[in-house]
Amino acid sequence: MEQVTLLQYVLVAVCALSAGTLGGIAGYGTGLLMPLVLTPIVGAEVVVPIIGVSSILTNASRVAAFRKEIDYRRAWLIGALALPTCMLGAYGYTFLSGKGAALVIGTFLILMVPIRLILKRLRTRLAGSGLAAAGAGYGLLVGGTAGSGVVLLSILMAAGLNGRAVVATDAIISLGLGVAKTGAFHAFGALPPSAWIMALIVGLSATPGAFIAKRLTQALPIHIHNAILDAAIICGGVILITHGMR
């Protein structure tokens, strides 16, 4: 990371602002799109730690923007159960090699597209033990991968939340887990000073996106936006897997 150029930092900042805005509109996107930009620049090993640190700032901005819509009861339940498995997932990620990290991130990005569509079709309501199990499973994913927020959105919608309540509750859960995840990565030596710098650039650049998204009139239908995002995710995942298999 010491060889990152000024132009690459600017590119990351611009992409982070765009991803933050998309994330504020659709409820997800920042953690899924930024690995596509970061991996060729900094390497796959530090991508998840960087996203973890930057998510503290991006999710804090979403909490501020949508704070009146938060469902604190469900946020507490899911967050409390996801925390231990999140730490476990973060610990496991530190053992991956560069190629291993690329394969994990790439595979996860590709799988998230059909998983999101399948969960959207399952209109069953999650509650009680089902919601608890979903929270624990999500914690394991978010600890060791980037962009798993789409799974949390699906869990919250299955629990009965809609619209801005989903985005707001997702943000406060992700904020708490982001703090825990960052602490784990720092303790396990996965966050060198250069990674902190890149994470702050991503987080600070993406932060205004939540407030831009709140004011934007959606000229682009959400289903078209989701289709474009899914295509970008799949293409990026294929590229990462190809890189990891070399």
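In the hydrophobic clustering of this structure, Ile78 does not group with Leu140; members are Ile, Leu, Val, Met, Phe, Trp, Tyr whose side-chain heavy atoms approach within less than 4.5 Å, directly or through other members. In the hydrophobic cluster analysis, where Ile, Leu, Val, Met, Phe, Trp and Tyr join through side-chain heavy atoms closer than 4.5 angstrom, Ile50 is grouped together with Ile197. Cluster membership check: Val12 does not share its hydrophobic cluster with Leu204, using side-chain heavy-atom separations under 4.5 Å among Ile, Leu, Val, Met, Phe, Trp and Tyr. In the hydrophobic clustering of this structure, Val14 does not group with Ile212; members are Ile, Leu, Val, Met, Phe, Trp, Tyr whose side-chain heavy atoms approach within less than 4.5 Å, directly or through other members. If you chain together hydrophobic residues whose side chains sit under 4.5 Å apart, Met34 and Leu200 never meet in one group.
Judged purely by atom type and a 3.5 angstrom limit, Asn59 uses its side chain to pair as donor or acceptor with the backbone of Ser55. Judged purely by atom type and a 3.5 angstrom limit, Arg74 has no side-chain atom pairing as donor or acceptor with the backbone of Asp71. Without hydrogens or angle criteria, Gln8 side chain to Thr5 main chain gives a donor-acceptor distance under 3.5 Å.
We find the CZ-OG distance between Phe66 and Ser61 to be 9.0 Å, quoted to the nearest 0.5 Å. Atom CZ of residue Arg62 and atom CG of residue Leu57 lie 12.0 Å apart, to the nearest 0.5 angstrom.
Residues passing the side-chain contact (heavy atoms from CB on, under 4.5 Å) test with Val63, sequence neighbours excluded: Ile70, Ala171, Ile172, Leu175. Ala132 meets the side-chain contact (heavy atoms from CB on, under 4.5 Å) test with Leu81; sequence neighbours excluded.
Residues Tyr138 and Leu177 form a side-chain contact, since some pair of their non-hydrogen atoms from C-beta on lies under 4.5 Å apart. You'll find the side chain of Phe211 stays beyond 4.5 Å of the side chain of Thr21, heavy atoms only. No side-chain heavy atom of Thr207 sits less than 4.5 Å from a side-chain heavy atom of Leu17.
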For the pair Ile173 and Trp76, evaluate side chain to side chain contact (heavy atoms under 4.5 Å, CB included) and give the outcome as yes or no after the intermediate values. CA-CA 8 Å; Ile173 294 171; Trp76 170 255; over 6 Å; no

Pair Thr58, Val202 - check side chain to side chain contact (heavy atoms under 4.5 Å, CB included), show working. CA-CA 9 Å; Thr58 56; Val202 173; 5.7 Å; no

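Screening Leu36, Ile41, Leu38 for a side-chain contact (heavy atoms from CB on, under 4.5 Å) with Val47, the sole residue that qualifies is Leu38.
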Give every donor-acceptor pair under 3.5 Å between a side-chain atom in residues 185-193 and any protein atom, sequence neighbours left out.
none

